[in-house]
Amino acid sequence: MPLLLALAAEASSGTVGWAAVGLPQMGALAAQAAGLELASGMRIDDPGRQWVQVLATVAEAVPVVLVGRLGPVPDRIARRLAAVLRRGGSVLLAADSWQGAEVRMSVVSAAWEGVGGGHGLLRGRRVRVAAAGRGAAAVPRHAEMWLPGPDGHVAPVRSAAEPGAREAVTPEAASRRERPALRVVG
């Protein structure tokens, strides 16, 4: 869920709104902490048996749609929803696998940092994200990220060879640096 929320926050920045369909487990505080503007969001926890119509209507209304597990997505439904998304210029971010997805991203490993020897404060969660898909995304790629980082935001983990790499892990430096942009494909 943290990766989904981080992607949604980045995709919805500067837009008129977002919607979450079929994600009753998504907490408002977690969404806000990830950067989603709650005042411009819409939640439909249980779209019911007519979820396809609900999802199509929402995709026409807002530019960023988060979707949970709604049931099997037949090819014809996936194609219809893809057409609605293209027509409206919207992006669909699915918590689970989605038939016809252009890119699939997942957290393949995660570790919290900051607690040493049984004491201390958690500073950030370092994750390894895998991305693969179709077209230009056909070659699987991996990236090390802070999710969240010492400043509470998503950021790339810098290697020791990069200038400023030490800054990426200290809370003081993290509060000074700008939040890098995630590239959302969809």
Side-chain angles (χ1 to χ4, degrees), residues 1-71 73-107 125 127 129 131 133-137 143 145-149 151-156 174-186:
M1 184 68 68
L3 180 60
L4 179 72
L5 293 176
L7 291 170
E10 187 63 36
S12 69
S13 67
T15 64
V16 294
W18 58 274
V21 179
L23 286 168
Q25 71 275 25
M26 184 183 85
L29 291 177
Q32 186 175 30
L36 285 170
E37 182 65 42
L38 295 182
S40 64
M42 171 184 359
R43 282 184 56 172
I44 304 166
D45 288 341
D46 184 10
R49 300 179 80 191
Q50 302 297 319
W51 65 267
V52 173
Q53 290 79 4
V54 171
L55 196 53
T57 302
V58 167
E60 290 177 346
V62 296
V64 179
V65 181
L66 290 80
V67 65
R69 184 175 296 211
L70 298 174
V73 183
D75 285 339
R76 118 184 122 71
I77 300 295
R79 285 191 305 272
R80 177 178 163 222
L81 289 171
V84 169
L85 291 165
R86 271 192 308 277
R87 186 172 57 241
S90 298
V91 63
L92 179 83
L93 301 169
D96 289 323
S97 64
W98 185 266
Q99 181 67 26
E102 303 248 346
V103 177
R104 287 179 169 75
M105 297 178 76
S106 62
V107 174
R125 183 173 173 241
V127 299
V129 177
R134 304 183 315 198
M145 302 174 65
W146 290 109
L147 188 61
D151 62 354
H153 296 291
V154 177
S175 66
R176 289 192 312 262
R177 69 180 160 78
E178 292 182 26
R179 183 177 174 195
L182 290 175
R183 183 166 175 239
V184 179
V185 180

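Computed from a prediction, not measured in an experiment: that's the story for all the values here.
- Distance alone, capped at 3.5 Å, is enough to place a donor-acceptor pair between the R43 side chain and the M26 backbone.
- Considering only heavy atoms from C-beta on, L81 stays 4.5 Å or farther from L92 through its side chain.
- Taking all atoms of both residues into account, the shortest heavy-atom contact from L38 to A31 is CD2-CB, 4.2 Å.
- For the atom pair CG (L70) and CD1 (I77), the distance works out to 12.0 Å, reported to the nearest 0.5 Å.
- Considering every non-hydrogen atom in both A34 and A6, the closest pair reads CB-N, 4.3 Å.
- Heavy atoms from other residues, nucleotides or ligands lying under 6.0 Å from CZ of R134 number more than 12.
- Between A19 and V58 the shortest heavy-atom distance is CB-CG1, 3.3 Å.
- Counting heavy atoms from C-beta on, the side chains of L5 and L66 come closer than 4.5 Å.
- Closest heavy-atom contact between A95 and L23: CB-CD2, 4.0 Å.
- Residues L36 and S12 have side chains in contact (heavy-atom distance under 4.5 Å, counting atoms from C-beta outward).
- Atom-to-atom distance recorded for L85:CG and R80:CZ is 11.5 Å, nearest 0.5 angstrom.
- A donor-acceptor pair under 3.5 Å is formed between the side chain of W18 and the backbone N or O of E37.
- Heavy atoms only, all atoms of each residue included: A131 and V103 are closest at CB-CG1, 4.3 Å.
- Looking at residues two or more places apart in sequence or on another chain, you find no side-chain hydrogen bond (donor to acceptor under 3.5 Å, both in side chains) involving D46.
- A donor-acceptor contact shorter than 3.5 Å links the side chain of S90 to the backbone of V62.
- Listed here is the closest heavy atom pair of G35 and A9: C-CB, 3.7 Å.
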